[in-house]
Amino acid sequence: MTTKNILLTIPLSLFMIFSITLISNFEAFAEEEISSYRMADNVKSIMTFTFRDGVEVIEFPVYSMTDDFVSNRGTSFEVEGVIGDSPLFHHALDEAYKYRLMLESANSSFEYDFRYFDVDVDFVKGTKSIGSIGYYKCEIANYRANTLDSADFESYFKSSSGFAIVDEVEFDCRCVNSNEDGNMDSYYGSYTDYTAEPLTGSYADDVRSYLTLDFQTGTEKIEVHGFEINSAFAEGGGGNPSFSIEYLLEKYPILGSEIDKARKISSLPTGYNHEFDVLVEFKNSEKTLRSLDYSTCEIDGAEILTRTDKEEGFTGKSGFALVQTVDFTCTGLTPGSNEYREMNGTTPVWNTNTYEMIQPAHSYNTGQGAVAMATFTYDDGIEILGFPIFDQENLLNKSNPTFTLEGIVGDFPMLYPRVDENFNVQSVTGSSYVENFDVDIELMYGEESVREFNYSDCRVIDYDVGSDMNKEESYIKGQFALETTFNFECRGYT
């Protein structure tokens, strides 16, 4: 960790003026403190600890909320960083141990100088402040010095690995304030597109996730690194549609304000909620592949976390990623696939076209194994798609055969409507309310088919879209994969 110490050798009134100046003029010390850690997109957290005996500024590469910010049920957080020269901070840790029995015997009413303190967490991108959180009347909840390593032999042999002796500290606080600008007058009726400059990194098949958030205050369009459907498409119903997003911490003023509002009204009746719509679009460089139009949404969860993996960020093998996660629950969802509608055009129902859609096999590395090609036979045509993942569930333990196909979100214009058809009647379990179709899976070596799995009278019983993230590694390497999963149940198999 990086530390600056300011001892109280001046009168209290002068200290109060000085500390306010220090905290409000954050950029002054941001320019002096140069992070030695590898932080994704150069986004980091710097903490100002205000003790009764002085102020100490420390950069911890790992900061994570341990309570959901929106739920407003707690104000705890944790930090992790290499043990450095932080005398006031370490004195507070030692005092917490020294007086632990007194606190228990005095029913937590015992006071000592370093028991309570305030913590201001400033989030910085480069030298620019992108937000801050103030924790008040905090105390040490747990602490240990710990050595991080690779958990195997690599720490002893590889120069990229090694060992890191770190402070791991948990805090409980009485109050928290997000320090967001409450005056949103300038944003009313506004539309701000933050996607003009795409997120850096490599995206599998160039598929990216975009959200248009239509708040009462104004509209923001953003790109996110991670997206996950939490509920919506499972047959039989799974509650209201919900989803989550994740992105490297950034300043989106209206979204940030809405997160703060959600926290403030979390204990109030639902009538106080600020509802809004969200259009989710999955796109490549050519077109929109799939859209999910959510309506009447609320923010029901948010956290700021650091993605990290053992010692790797401290030894330089990898790094750290400070991210924002947000959870949404909505009352409505309209999934869409424009290409299927365009295929149908205005053809009368008594003159239905028969379509054939064939996509080339994927080019992913399958080692010495085969490539799975799926042929879907619908009432209105045939669609042939390649998937890198085909999982057949145990046929001997199933009354009805089931299987899964998984790959990057793609252009599946005839399969998506079958997903959506089942979604529209998801409260009813069974195959009599939707179109049933056949699926023939062939394992191919070039043009040669070596194995076939023939399923009949199938339907989609669940559908998911989720980003396959690997802790901090996705952010440090800049590699992201947005996967889609189709689960099928069939009546027959040969």
Side-chain angles (χ1 to χ4, degrees), residues 228-238 241 282 289-290 292 333 335-337 339-340 355-359 361-362 364 366 369-444 449-466 468 481-494:
E228 182 71 45
I229 294 176
N230 297 326
S231 64
F233 290 92
E235 187 174 83
F282 308 123
L289 303 169
R290 178 75 160 146
L292 301 172
L333 169 60
S337 176
E339 189 164 342
Y340 186 72
Y355 306 101
E356 184 176 79
M357 296 292 296
I358 302 176
Q359 296 196 7
H362 65 79
Y364 306 118
T366 59
V371 173
M373 296 298 295
T375 299
F376 297 84
T377 304
Y378 311 112
D379 290 343
D380 59 353
I382 294 175
E383 187 173 36
I384 301 177
L385 305 173
F387 289 90
I389 298 175
F390 161 62
D391 290 329
Q392 182 184 42
E393 301 201 18
N394 194 331
L395 292 170
L396 301 182
N397 295 333
K398 292 281 187 178
S399 57
N400 291 327
T402 57
F403 67 96
T404 299
L405 294 172
E406 184 176 325
I408 298 299
V409 171
D411 188 12
F412 312 138
M414 301 178 73
L415 178 57
Y416 286 140
R418 276 69 194 182
V419 173
D420 301 342
E421 182 183 25
N422 203 55
F423 167 73
N424 291 330
V425 295
Q426 67 173 204
S427 60
V428 181
T429 301
S431 59
S432 59
Y433 298 93
V434 296
E435 175 193 342
N436 292 283
F437 49 88
D438 297 339
V439 186
D440 300 307
I441 309 291
E442 290 186 276
L443 301 186
M444 308 290 294
S449 175
V450 297
R451 181 83 161 96
E452 289 189 20
F453 306 86
N454 305 117
Y455 297 90
S456 58
D457 292 329
C458 302
R459 69 186 189 281
V460 180
I461 59 172
D462 200 2
Y463 163 74
D464 185 37
V465 176
D468 193 1
L482 183 66
E483 292 183 321
T484 186
T485 304
F486 302 91
N487 298 110
F488 302 88
E489 182 175 284
C490 309
R491 291 176 175 175
Y493 168 78
T494 56

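From a predicted model like this one, the values you see are computed outputs, not experimental measurements.
Under the ring pair (Phe, Tyr, Trp, His ring centres under 6.0 Å) criterion, Y455 pairs with F403, Y493, sequence neighbours left out. Applying the side chain to side chain contact (heavy atoms under 4.5 Å, CB included) criterion to E452, with sequence neighbours excluded, gives E442, S449, N454. Residues meeting the ring pair (Phe, Tyr, Trp, His ring centres under 6.0 Å) test with F390, sequence neighbours left out: F453. Applying the side-chain hydrogen bond (donor to acceptor under 3.5 Å, both in side chains) test to E383 and every residue at least two apart in sequence or in another chain returns Y378. Legend: residues meeting salt bridge (charged side-chain N to carboxylate O under 4.0 Å, His left out) with D464, ordered by chain and number and at least two apart, are absent. Considering only residues two or more places apart in sequence or on other chains, N487 meets the side chain to side chain contact (heavy atoms under 4.5 Å, CB included) condition with T404, I461, D462, T485.
Here the CZ atom belonging to R451 is positioned 7.5 Å from the CG atom belonging to L443, to the nearest 0.5 angstrom. To the nearest 0.5 Å, atoms CD1 (I408) and CG (L482) are separated by 7.0 Å. The CG atom of N422 lies 11.5 Å from the CD atom of E435; values are rounded to the nearest 0.5 Å. Summarising the geometry, atom CD1 belonging to I441 is positioned 8.0 Å from atom OG1 belonging to T375; distances are rounded to the nearest 0.5 Å. Q392 CD to T402 OG1: the interatomic distance, rounded to the nearest 0.5 Å, is 8.5 Å.
At least one side-chain heavy atom of R290 sits under 4.5 Å from a side-chain heavy atom of P335. Using a 4.5 Å heavy-atom threshold, the side chains of V434 and E235 count as separate. Proximity of L385 to F486: side-chain heavy atoms (C-beta onward) are nowhere separated by under 4.5 Å.
For the pair R459 (side chain) and C490 (backbone), a donor-acceptor distance under 3.5 Å is absent.
Salt-bridge check for R418 with D380: passed, with a basic side-chain N closer than 4.0 Å to an acidic carboxylate O.
Residues D420 and G336 approach most closely at OD2-N, 4.3 Å, considering heavy atoms. Considering every non-hydrogen atom in both G410 and L289, the closest pair reads O-CB, 3.8 Å.
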Which is it for E393 and D391 under the side-chain contact (heavy atoms from CB on, under 4.5 Å) test, yes or no, and what are the steps along the way?
CA-CA 6 Å; E393 301 201 18; D391 290 329; 5.9 Å; no
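Under the ring-ring contact (aromatic ring centres under 6.0 Å, His included) test applied with Y463, the options F423, F412, F233 reduce to a single match, F233. For the side chain to side chain contact (heavy atoms under 4.5 Å, CB included) with F437, the qualifying choice from D379, D457, V460 is V460, the only one to do so. Under the side chain to side chain contact (heavy atoms under 4.5 Å, CB included) rule, S456 has a single partner from D438, D440, T494, V439, which is D438.
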